[in-house]
Amino acid sequence: MAADSLSRIDVELLKHRRALADEFEGRFSVETIERFLHESLDLLPNRPKVPTFMPLLAYRFARERLLAVAQSEGVTAKTAPEVLFVCVQNAGRSQMAAGLLKLESEGRVNVRTAGSMPADQIHEPVVEVMAELGLDLSEEFPKPLTDEFVRAADVVITMGCGDACPIYPGKVYRDWDVEDPAGKSIEGVRRIRDDIRGRVKALLGELVTAVP
C-alpha cells in the first residue's frame, strides 16, 4: 500500500481512538484503547474491495470488544441478557440469527456475532432474504471470535463450529444444527432463515421467562 494511503489510515485510526477514549473515559486507558483498536484492525479479514473502510470497521469491532470487557468485568452494568451467535464465516447463519433475535426481542436482548474463520463480507443472498423482513444487514460485517465476546455472553449459540468456542463456567452453550447458506439458492437461504427464526423465537421465550 502506498505511503499516502497508510497516512490516511493512520489519520482515521487516530480519529477513532479519540472517539473511543471519550466514550470509555474512566474505564479504559488511552493505551488500552489504542491496543484494542490496532489489534482489531489486524484481526479483521481483509476487504480488498473497500480498504478505506477498514479503520471504521476496526473502530466498530474494537468498540464491541471494549464493551464486552467492561460488561464481563462489571465495569458496565448489563441491561439485558447477552447472546452470542457463532458460526464459521460469520457471513450467514450467525448474522441471520442475530438480526432475527433483535427483531423478535424488540430490545429485550443484546446480541453479538462472531466467526471461527470469518469471511470478508456477508453472503449477498443472506442480505437479500433478511431485507424481505425489513432487516438491513448491509452495514454488518464478519468478525472473528474473541475471548471478550464469550466472557460477556450469558448464552452462546454455535452453528457448525462448537469446538472453536472456549468454555467458561456459568454460560449456557447450545449448538444449533443449521445448514450453511453458502452456495445455496435464494429459496434455500429463505428456508434456512425460517428455520433459524423458529429457533430464535423458542430461545427468546426461554430468555424472557428466565429474566424477571
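Computation of the quantities below employed the complete heavy-atom set of this structure, encompassing side-chain atoms and omitting hydrogens, waters and symmetry-equivalent molecules. Numbering starts at 1 and runs along the sequence shown.
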Do [Y] and [X] meet the salt-bridge criterion of a basic N to acidic O distance under 4.0 Å?
X	Y	result
E12	K15	yes
E82	K171	no
E104	R197	yes
R199	D195	yes

Interatomic distance, [X] atom [atom1] to [Y] atom [atom2] [nearest 0.5 angstrom]:
X	Y	atom1	atom2	result
I122	M130	CD1	CE	9.5 Å
L204	K102	CG	NZ	14.5 Å
N110	L101	CG	CG	9.5 Å
Q71	T76	CD	OG1	7.0 Å
S29	R35	OG	CZ	8.0 Å

Using every non-hydrogen atom in the two residues, find where [X] and [Y] come nearest and quote the distance to one decimal.
X	Y	value
V69	S72	O-OG, 3.1 Å
L145	A114	CA-CB, 3.6 Å
S94	T113	O-CG2, 3.5 Å
P81	L207	CB-CD2, 4.4 Å
P45	M54	O-CE, 3.7 Å

message: Tell me whether the rings of H16 and Y59 are parallel (<30°), tilted (30 to 60°) or perpendicular (>60°).
response: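 Because their plane-to-plane angle is under 30°, the rings of H16 and Y59 count as parallel.
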
If we only count heavy atoms from C-beta on, is the [X] to [Y] side-chain gap below 4.5 Å?
X	Y	answer
R112	E64	yes
V86	I157	no
P181	M96	yes
R63	F36	no
M159	D175	no
F85	V111	yes
E34	L13	no
I33	F24	yes

With a 4.5 Å cut-off on side-chain heavy-atom distances among I, L, V, M, F, W and Y, is there a chain of contacts connecting [X] to [Y]?
X	Y	answer
L41	F149	yes
V129	L133	yes
L103	V200	yes
V88	L44	no

- request: With side chain to side chain contact (heavy atoms under 4.5 Å, CB included) as the test, would you mind laying out the steps for V155 and Y173 before giving the verdict?
  value: CA-CA 6 Å; V155 180; Y173 291 86; over 6 Å; no

Short question: side chain of [X], backbone of [Y] - any donor-acceptor pair under 3.5 Å?
X	Y	value
R108	S105	yes
T158	C161	no
Q95	N90	yes
K78	A152	yes
K143	F141	yes
R27	A70	no

query: What's the verdict on salt bridge (charged side-chain N to carboxylate O under 4.0 Å, His left out) for E73 and R151, showing C-alpha distance, side-chain angles and the deciding distance?
result: CA-CA 9 Å; E73 294 183 353; R151 286 184 180 275; over 6 Å; no

- prompt: Under the side chain to side chain contact (heavy atoms under 4.5 Å, CB included) criterion, do L100 and L135 qualify, and how do the steps go?
  reply: CA-CA 8 Å; L100 290 165; L135 293 168; 4.2 Å; yes

query: Under the side chain to side chain contact (heavy atoms under 4.5 Å, CB included) criterion, do F61 and L66 qualify, and how do the steps go?
result: CA-CA 9 Å; F61 183 34; L66 289 164; over 6 Å; no

message: Under a 3.5 Å threshold, yes or no: a donor from one side chain and an acceptor from the other, between S40 and R65?
response: yes

Flag if over 12 foreign heavy atoms under 6.0 Å of [atom1], [X]:
X	atom1	answer
D177	CG	no
E132	CD	yes
E23	CD	yes

field: E128/I186 under side chain to side chain contact (heavy atoms under 4.5 Å, CB included): CA gap, chis, key distance, verdict
entry: CA-CA 8 Å; E128 184 176 338; I186 196 71; 3.6 Å; yes

